[in-house]
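For reference, the structure is listed below as C-alpha cells.
Chain A is the first sequence line, chain B the second, and so forth, proteins listed ahead of strands; every chain is numbered from 1.
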2 protein chains.
Amino acid sequence: MKRMKKKVTIHDIARMANVSAATVSRVLSNSDYPVSQSLREKILKIAAETNYVPNLLGKQLKKNTSTTIGVVVPSIVNPFYSSVILGIEQTARQRKYTVITCNSMHDPELESEYIRMLMEKQVKGLIIASIANDGGMFKQLADMGIHVIAIDQRVDAEGISKIDFDFVKGGQMATRHLIDKGHRRIAYLTARMDRPSRRSIFRGYQEAMKEAGLEPILVEANADDDHNPLSDFDTGRALARKLLAAKVQATAVFTCNDMLAIGVINELSSRNIRVPEEISVMGFDGIDVGQMIHPPLTTIKQPDYEMGKMACTMLLNMMNNENNHQFEIILQPKLIERQSVVSRGGHSETSGR
Amino acid sequence: MKRMKKKVTIHDIARMANVSAATVSRVLSNSDYPVSQSLREKILKIAAETNYVPNLLGKQLKKNTSTTIGVVVPSIVNPFYSSVILGIEQTARQRKYTVITCNSMHDPELESEYIRMLMEKQVKGLIIASIANDGGMFKQLADMGIHVIAIDQRVDAEGISKIDFDFVKGGQMATRHLIDKGHRRIAYLTARMDRPSRRSIFRGYQEAMKEAGLEPILVEANADDDHNPLSDFDTGRALARKLLAAKVQATAVFTCNDMLAIGVINELSSRNIRVPEEISVMGFDGIDVGQMIHPPLTTIKQPDYEMGKMACTMLLNMMNNENNHQFEIILQPKLIERQSVVSRGGHSETSGR
DNA sequence: GATGTGACAGAAATCGATTACTGTATATGC
DNA sequence: GCATATACAGTAATCGATTTCTGTCACATC
C-alpha cells in the first residue's frame with residue numbers, strides 16, 4: 001500500500017512560517033486585513049512550495065456558502081439539455097463555481113432524491129427543468145435559503161423565478177409558416193401530451209389553424225419516455241405510420257420536437273414518400289442534428305445554450321446580491337428555414353380558391 | 001427580504017430531545033453504537049418533524065471523505081461523452097454519489113483548472129478523458145489520495161488505471177469489413193491526427209490494408225476543434241470535397257468518427273453522389289444519430305454508456321476497498337452493419353483478378 | 001459481596017478553515 | 001508630552017458533524 005503524503009493544511013503552513021493560522025488565512029484568502037509584506041511573501045512562498053490546496057469543506061462550513069450549483073434535467077443525453085448544461089457549466093466556471101448534474105429521467109421520485117442530495121451537499125443554487133413537482137418541494141428549498149430557477153418546463157409553483165420559452169408563440173409561428181407556404185392540411189404530430197410544453201405548442205398550432213379557418217389534425221402517440229433520444233426518433237416513425245394510416249392527406253406535418261421530426265422523415269423516406277415534395281415537415285427545437293439529415297430540417301429554434309447561460313447568470317446574481325426579486329424571462333422563438341418545407345399550390349400569401 | 005428559517009442542526013435536535021449531540025449522531029448515522037430504543041425513536045421523530053437535513057460538509061470534513069466524484073471530458077455536447085456521463089452518473093447515484101461534470105473543451109489549461117477545483121472540493125475520485133496531460137498532474141493527484149481512472153483517450157502516464165478502447169482493432173475491423181465487401185480503393189478520412197485515438201485507428205487501417213496488399217489513401221483535415229459537434233460535421237464535408245478533388249477514385253471511405261461520416265454523406269449526397277451505391281461510408285463510434293440519417297450508418301461501436309458505468313463502478317470500488325491494484329481494461333470494438341456500405345465487384349472473400 | 005461486563009449516555013477533541021476579539025507597538029495630532 | 005489612531009499579529013470561538021474517552025448503571029458470576 002502506498003503511503004499517502006499527509007495533506008498540508010493552513011496550520012502546517014502556519015507552523016513552518018512561525019505565524020498563526022489566522023495570519024496564513026488572511027494572506028491566502030486575499031483578505032483586506034493588513035499583513036506585513038515580508039510575512040505575506042514568506043507565507044505565499046511556503047504555500048507554493050508545499051503545493052498547498054485549500055480545503056473548501058472547511059471554508060464553506062464556516063462561512064455557510066457553497067460554490068457548487070445543482071442542475072436537474074430529464075436527461076443529459078437529450079441534445080437540447082446537454083446544450084443547456086454546457087451553457088450553465090461554462091458561465092459557472094468563469095465565476096469559480098462548479099456544477100453537479102443530475103438526470104431525473106422524468107421520474108419524480110428520482111428528482112426528489114437528487115434534490116435531497118443537493119441540499120445535503122449544501123448547494124445554495126439550483127437550476128431545474130422539473131417535471132410535475134408539487135410546490136411543496138420549492139417551498140422547502142426557499143426555506144433553506146436555496147435559490148432556484150426553473151427552466152424550460154413550465155412549473156406551476158408560485159414564488160419561483162423562471163426562464164421560459166414561448167411555446168405557444170413557437171407553435172403559432174411554425175404553423176403560420178406552413179400556412180404561408182400554401183399548406184391547408186397540416187397535421188400536428190406529438191408525443192404524449194403529458195407535458196405543459198407540448199400542450200402549449202399544440203395550443204399555438206390550434207390558434208394559428210383557427211385564425212386561418214383550417215381544421216386541426218392531431219396525431220398523438222400513446223406512450224412516451226424520452227430519456228433515450230432514440231425513443232423520440234422511434235415514436236416519430238410510429239406517428240408517421242399512424243398519419244399515413246389515417247388517410248388524412250396532409251401535405252405538411254408539424255412535430256413537437258426535432259427528434260420526432262427526424263423519425264417522421266426517416267419513416268416517410270423509407271416508404272418512398274418524398275420530403276418535402278410530397279409532405280413538408282416542420283420540427284421544433286433547433287438541435288444540431290437537424291442540419292445533418294436530408295433534407296435539412298426547417299424548425300423553430302429554442303435557444304438552449306443561451307438559456308443555460310442566462311439561467312446561470314441570473315442564479316449567481318441572485319445568490320450573491322440579496323437581489324431576491326422574483327422574475328420570469330420568456331425567451332422568444334425563432335424560425336429557422338431550411339429545406340424540409342416547401343411551397344404548395346398557389347401564392348404564398350393568398351390562399352387559392 | 002424574506003426571513004429564512006434557521007437550518008436545524010444536530011445540536012438543535014439534541015436540545016429538543018434532551019440528549020447530547022453525540023447520541024443524535026449515533027442514531028442518525030446508523031452507527032452500531034447502542035442507543036436505547038426509546039431515545040432512538042424520540043430522536044428519529046424529532047428529526048422527521050423538523051425536516052432535518054444533515055450537513056454533509058461537516059461530516060465530510062471530519063471523516064475526510066467525499067461522496068462526489070469528478071468527471072472531466074472534452075465536451076458534454078459530444079453525444080459520445082454525454083452517454084459516458086449518463087453511465088457514470090447513474091451508477092454513482094445508486095451508491096449515493098454525486099457527479100461534478102467539467103468540460104475541458106480540449107484546453108489543457110482549462111483541464112488543469114478544473115482538476116484544481118475538484119481537489120479543493122475534496123473529491124476522492126476522478127474519471128478523466130484527458131487530453132495531453134503530463135504525468136505530473138496525476139502524480140499529485142495520487143499523492144493527495146485521489147483515485148483516478150483515465151478513459152477513452154489513451155494517456156501515457158504510468159501508474160494510472162485506465163479503461164481503453166481498442167482503437168487499433170476497431171480500425172482493422174472496419175477496414176477488413178470494407179475489404180471483405182470487395183472494396184480495393186479505400187480512403188481513411190480523418191480530423192487532425194493530434195489525438196492518440198485517431199492515430200491508433202489509422203494504424204489499424206494501415207495494417208489491414210497492408211495485409212490485403214492494398215495502398216492506403218489518407219485524407220487528413222488541417223485544423224480541428226470538436227467542442228462543437230457541428231465542427232466535426234463540417235470537417236466531414238470539407239474532407240469529402242478534398243477527397244473528390246484528389247481524384248483517387250475511392251469506392252469506400254472510412255472515417256475516424258461518426259459525425260465526420262455524417263458530414264461526408266451529407267456532402268456527397270448534395271453533390272448527387274449516391275451513398276452507398278457510388279461510395280460506401282464507414283463510420284466509427286456508434287452514436288445514435290448514425291441510425292437516423294439516410295442511409296443508416298455502418299460503423300464500429302465504441303460502448304459509451306457501458307464505459308461510463310464500468311469506469312464508475314471500478315472507481316467506487318477503488319475508493320472504498322483499499323483495493324489499489326492498478327488495472328487496465330480494454331473494451332472491444334463491435335461492427336454494426338447498417339446500410340451505408342455495400343458490396344462491390346466480385347465475391348466477398350476472394351479478391352478478383 | 002466483590003468483581004467483571006456490557007449497555008448506554010455525555011464531555012470534549014477534532015476535521016480545516018474564518019473571524020471577532022484582544023493586545024501591542026508605532027505613528028499621528030494637538 | 002499625552003491621547004488616539006493605525007498597523008499588525010495572535011488567541012480562541014465557530015461552523016456541523018463524528019468519535020474517542022470517561023463514566024454510570026444494571027446485571028451476571030463465583
Distance, rounded to the nearest Å, where [X] contributes [atom1] and [N] contributes [atom2]:
X        : N      : atom1 : atom2 : answer
A/Asn55  : D/dG16 : CG    : P     : 16 Å
A/Lys7   : C/dG16 : NZ    : P     : 8 Å
B/Asn64  : D/dG16 : CG    : P     : 20 Å
A/Gln122 : D/dG16 : CD    : C1'   : 9 Å
B/Leu61  : C/dA13 : CG    : P     : 17 Å
B/Leu57  : D/dT14 : CG    : C1'   : 14 Å
B/Lys121 : C/dA17 : NZ    : P     : 15 Å
B/Ile43  : C/dG10 : CD1   : C1'   : 12 Å

* Applying the side chain to side chain contact (heavy atoms under 4.5 Å, CB included) test to B/Ile128, which of B/Leu118, B/Ile151, B/Ile115, B/Asp152 qualifies? ->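 Testing B/Ile128 for a side chain to side chain contact (heavy atoms under 4.5 Å, CB included) against B/Leu118, B/Ile151, B/Ile115, B/Asp152 leaves exactly one candidate, B/Ile115.
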* To do: Compute whether any side-chain donor of one residue and acceptor of the other, for A/Thr101 and B/Thr101, lie under 3.5 angstrom apart.
  =>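 Note: A/Thr101 and B/Thr101 side chains meet the donor-acceptor criterion.
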* Report yes or no: do A/Gln90 and A/Gln94 form a side-chain donor-acceptor pair below 3.5 Å? =>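 No - no donor-acceptor pair under 3.5 Å links their side chains.
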* Asked: Is there a side-chain polar atom (N or O) of B/Lys59 under 4.0 Å from OP1 or OP2 of D/dT18?
  ->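 Answer yes for this pair, as a side-chain N or O of B/Lys59 is under 4.0 Å from OP1 or OP2.
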* To do: Using a cut-off of strictly less than 4.0 Å, decide whether A/Tyr52 has a side-chain nitrogen or oxygen near OP1 or OP2 of C/dA17.
  =>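 Indeed, a polar side-chain atom of A/Tyr52 lies that close.
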* Asked: Within the structure shown, what part of the strands sits under 4.0 Å from A/Asp12 by heavy-atom distance: base, sugar-phosphate, or nothing?
  ->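 Since no nucleic acid heavy atom lies under 4.0 Å of A/Asp12, the category is nothing.
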* Under 4.0 Å between any heavy atoms, over every strand shown, what does B/Leu56 touch: base, sugar-phosphate, or nothing? Just pick one. =>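 Nothing: the residue B/Leu56, judged by heavy atoms under 4.0 Å, touches no strand.
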* **Atom pair NZ (A/Lys7) and CD1 (B/Ile146), whose distance is rounded to the nearest 0.5 Å** =>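 So the NZ of A/Lys7 and the CD1 of B/Ile146 are separated by 6.5 Å.
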* Asked: If you count the non-hydrogen atoms of other residues, nucleotides and ligands that lie under 6.0 Å from NZ in B/Lys121, is the total more than 12?
  ->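 Atom NZ in B/Lys121 is packed in, count exceeds 12.
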* **B/Met310, CE: over 12 other non-hydrogen atoms inside 6.0 angstrom** =>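 Check fails, neighbour count at 12 or below.
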* So, are B/Glu113 and A/Arg93 salt-bridged, with charged N and O less than 4.0 Å apart? ->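 Salt bridge between B/Glu113 and A/Arg93, a charged N being under 4.0 Å from a carboxylate O: yes.
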* Choosing from D/dG16, C/dA17, D/dT19, which nucleotide comes nearest the side chain of B/Lys63? ->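 My answer, after comparing the listed nucleotides, is D/dT19.
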* Stretch residues 19-34 of chain B: residues that reach within less than 4.0 Å of DNA chain C through a heavy atom ->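 Contacting residues: B/Val19, B/Ser20, B/Ala22, B/Thr23, B/Arg26, B/Tyr33, B/Pro34.
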